[in-house]
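One structure is given here, and the rest of the page talks about it.
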There are 2 protein chains.
Amino acid sequence: MSDHPAAALDGASPRASAASDPAGPSLCEGLPPLPADGAVCARDFPEAHTIRTVIARLGDKWTLLVVGLLGDGPARFTELQRRIDGISHRMLTQTLRALERDGLVRRTAYPEIPPRVEYALTPLGRSLLEPTLALVRWAAEHHPELTTARDRYDAAHPEPD
Amino acid sequence: MSDHPAAALDGASPRASAASDPAGPSLCEGLPPLPADGAVCARDFPEAHTIRTVIARLGDKWTLLVVGLLGDGPARFTELQRRIDGISHRMLTQTLRALERDGLVRRTAYPEIPPRVEYALTPLGRSLLEPTLALVRWAAEHHPELTTARDRYDAAHPEPD
DNA sequence: CTGTATCCTTTTGGATACTG
DNA sequence: CAGTATCCAAAAGGATACAG
């Protein structure tokens, strides 16, 4: 699991893309020149594995919600469970373990009875907060459009009974 | 599936949070005042459903890669399949359908023989590109740290044989 | 309170064959 | 070339019981 570190995506050496340039640098910037066969970018998509590793961590059902909540400050296990509607005991544990393993969350257990455990974002975890919140903001802003589009699509594509 | 539109997360009326304030506005900004029992924010996390809807779309195995590639310009089915290493025919179809349904991708079929179909991001899809790329950039930048943390954790927590 | 283990259901996704 | 349908294996995730 040792890809190239931070190759590409870093800025510098932009290349004209086939379409408009809406969000600044593309996914593929900084890659070696293309074989000039008209392909736009990223033949074999070297960052794909890196991206998928991260997305796999972030993209599960609960991770982003946990990170988002911890962004407001440290919290205990039960506190998190109470706030995240519908999460099961097992999934919260599992999510927190994975985040801890990846160095995004720090777990602090106080040797008391009954036990008390606090979870908090690490600096690395906090650095994730920014792109996460950007996505959350996008979600909040555009959710109505998604719903509308969905309804329209479903109306136009009735499933054959 | 009709939540409140863009409630919260919009800026204005910040509230002191229990910890530092790393990434600007928190997940919970703009919510009605808390019951003052020491809780930090977002009792029942009303955005949770909205967030999960979006995360569910973005968080699957291939969506972000497809969106990222389409960010470089329109592409045909086979082109996408060739570029995204490991994606199956079925999954690419399914991913594109879901994106089309949500209004993020526009599908254009040319009535030729053999058939030619082009996929392109809609304006809404392009608006997603920005937060997406932010996340991708984060992934590229911090992947090494994740790997390191992971190795360290695994070394410290040998699984019981 | 926090965490682990077990069981079982649902979902995801790959392989493949077939259609226009 | 693009798309659909079927079948099947693997993974995710919920419920529950139990332990420190």
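Order of the sequence lines sets the chain letters (A, B, ...), proteins ahead of strands, with each chain counted from 1.
Nucleotide C/dT2 holds its C1' atom 16 Å from the CZ atom of A/Arg82, rounded to whole Å. Between the CG atom of A/Leu92 and the C1' atom of C/dC1 there is a distance of 13 Å, given to the nearest Å. One interatomic measurement links the two molecules: CD of B/Glu79 to C1' of D/dC1, which rounds to 13 Å at whole-angstrom precision. Taking atom CD1 on A/Ile113 and atom P on D/dG20, their separation rounds to 12 Å, with Å as the unit. For the pair B/Phe77 CZ and D/dC1 C1', the computed distance is 9 Å after rounding to whole Å. The nearest whole Å value for the distance from the CD atom in B/Gln94 to the C1' atom in C/dT11 is 11 Å. Rounded to whole Å, atom C1' of D/dT16 lies 13 Å from atom CD of A/Gln81.
Under the 3.5 Å distance criterion, the side-chain polar atoms of B/Thr63 are matched with a main-chain donor or acceptor of B/Arg57. Under a 3.5 Å cut-off, the side chain of B/Arg126 and the backbone N or O of B/Leu121 do form a donor-acceptor pair.
The end-to-end axis angle of the helix from C/dC1-D/dG20 to C/dG20-D/dC1, rounded to 10 degrees and based on five pairs per end, is 40°.
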Could you tabulate the donor-acceptor pairs under 3.5 Å formed by side-chain atoms of residues 87-96 of chain B, not counting sequence neighbours?
| residue | atom | partner | partner atom | Å |
| --- | --- | --- | --- | --- |
| B/Ser88 | OG | B/Met91 | N | 3.2 |
| B/Thr93 | OG1 | B/His89 | O | 3.0 |
| B/Thr95 | OG1 | B/Met91 | O | 2.7 |

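Annotation: proximity of residues 96-112 of chain A to DNA chain C (heavy atom, distance under 4.0 Å) is found for A/Arg97, A/Arg107, numbered in ascending order.
Shown here are the side-chain contact (heavy atoms from CB on, under 4.5 Å) partners of B/Leu146, two or more places apart in sequence or in another chain: A/Val54, A/Asp102, A/Leu104, A/Leu124, B/Trp138.
Scanning all heavy atoms of the two residues, the minimum distance from A/Arg76 to A/Pro115 falls at NH2-O, 3.7 Å. The shortest heavy-atom contact between A/Gly71 and A/Leu129 is CA-CD2, 3.5 Å. Counting all heavy atoms, side chain and backbone alike, B/Glu145 lies closest to B/Glu141 at OE2-O, 4.1 Å. Of all the heavy atoms in B/Ala109 and B/Arg107, the pair that sits closest is CB-NH1, 3.9 Å.
Pairs engaging residues 101-127 of chain B under the ring-ring contact (aromatic ring centres under 6.0 Å, His included) rule: none recorded [sequence neighbours left out].
Taking every side-chain heavy atom of B/Asp60 into account, C/dG13 is the closest of C/dG13, C/dC1, C/dG3.
Remark: A/Tyr119 is not in phosphate contact with C/dC1, judged by side-chain N or O atoms under 4.0 Å from OP1 or OP2.
The local environment of CZ in B/Arg106 is sparse, with at most 12 non-hydrogen atoms from other residues, nucleotides or ligands closer than 6.0 Å.
Under 3.5 Å, the side chains of A/Thr148 and A/Asp151 contain no donor-acceptor pair of N or O atoms.
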Going 5' to 3' along nucleotides 14-20 of chain C, which nucleotides have protein heavy atoms under 4.0 Å from the base (write B), which only from the sugar-phosphate (write S), and which from neither (write -)? BB----B
